[in-house]
Each structure stands twice: as C-alpha cells, then as structure tokens.
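Here the structure is laid out as structure tokens; the discussion comes afterwards.
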Amino acid sequence: MAEQTEWEAKAANLLKAELKRKGVTYAQLADLIGDKEANIRNKLSRGKFSAAFFLHCLDAIGATGLRFD
C-alpha cells in the first residue's frame with residue numbers, strides 16, 4: 001500500500017482534530033453522514049478521501065472554520 005502524502009496526512013489530521021474539538025466519535029460521525037464506522041476509521045487512517053467527504057464531515061459536526069496550527 002502506498003504511503004500517505006504530506007497533504008493526505010495533513011487533511012486527515014485536520015479532520016481528526018476537529019472531531020476531537022467537537023467531541024465527536026467515529027461512530028457518531030458515521031451516524032451523522034450515513035456511513036459505517038469502519039469506513040470512517042479506514043479513510044482517516046489512510047488519509048485517502050475526497051474533498052467532498054472532508055467537507056461533508058465538517059458540515060455534519062458543525063465546524064465553522066479550521067485551525068491550521
């Protein structure tokens with residue numbers, strides 16, 4: 001399996017950080033977006049997901065901005 005690129009890792013880490021800030025688990029996110037927890041876990045661990053998935057997740061958890069630090 002190919003390793004994550006720097007940008008894939010950054011995207012996954014940003015989404016994980018927002019989930020943590022909002023106190024949302026993978027299971028809760030899965031319910032919010034109509035997916036399975038295992039799929040969420042795999043996408044975030046691999047860092048392989050679309051911009052649309054990223055935005056869908058952020059919208060579902062009520063994120064209004066991103067912190068890049």
Query raised in the report: Could you give the distance from CG (Asp31) to OH (Tyr26), rounded to the nearest 0.5 Å?
Result: 15.5 Å
Query raised in the report: What is the distance from atom CZ of Arg46 to atom CG of Asn42, rounded to the nearest 0.5 Å?
Result: 4.5 Å
Query raised in the report: How many angstroms lie between SG in Cys57 and NZ in Lys22, if you round to the nearest 0.5 Å?
Result: 13.5 Å
Report task. May I have the step-by-step check of salt bridge (charged side-chain N to carboxylate O under 4.0 Å, His left out) for Arg41 and Glu37, ending in yes or no? Result -> CA-CA 6 Å; Arg41 189 172 307 284; Glu37 181 180 358; 2.7 Å; yes
Query raised in the report: Okay, side chain of Asp59, backbone of Leu55: is any donor-acceptor separation there less than 3.5 Å?
Result: no
Query raised in the report: Hey, what do you get for NZ (Lys48) to CD (Glu8), rounding to the nearest 0.5 Å?
Result: 3.5 Å
Report summary line: Here the pair of heavy atoms bringing Ile61 nearest to Leu32 is CG2-CD1, 4.3 Å
Query raised in the report: Could you walk me through whether Thr64 and Leu58 pass the side-chain contact (heavy atoms from CB on, under 4.5 Å) check?
Result: CA-CA 8 Å; Thr64 57; Leu58 293 175; over 6 Å; no
Report task. Could you grab the distance from atom CG of Asp35 to atom NE2 of His56, nearest 0.5 Å is fine? Result -> 9.0 Å
Query raised in the report: Salt-bridged, Lys10 to Glu6, with N to O below 4.0 Å?
Result: yes
Query - Shortest non-hydrogen contact between Ala12 and Gly47, atoms and distance - result: CB-CA, 4.0 Å
Report task. Please check if the side chain of Gln28 supplies one atom and the backbone of Thr25 the other of a donor-acceptor pair under 3.5 Å. Result -> yes
Query - Ile40 side, atom CD1; Phe53 side, atom CZ - distance, nearest 0.5 Å - result: 4.0 Å
Requested in this report: Looking only at non-hydrogen atoms, find the nearest pair between Lys36 and Ala30 and report the distance.
Outcome: C-CB, 3.7 Å
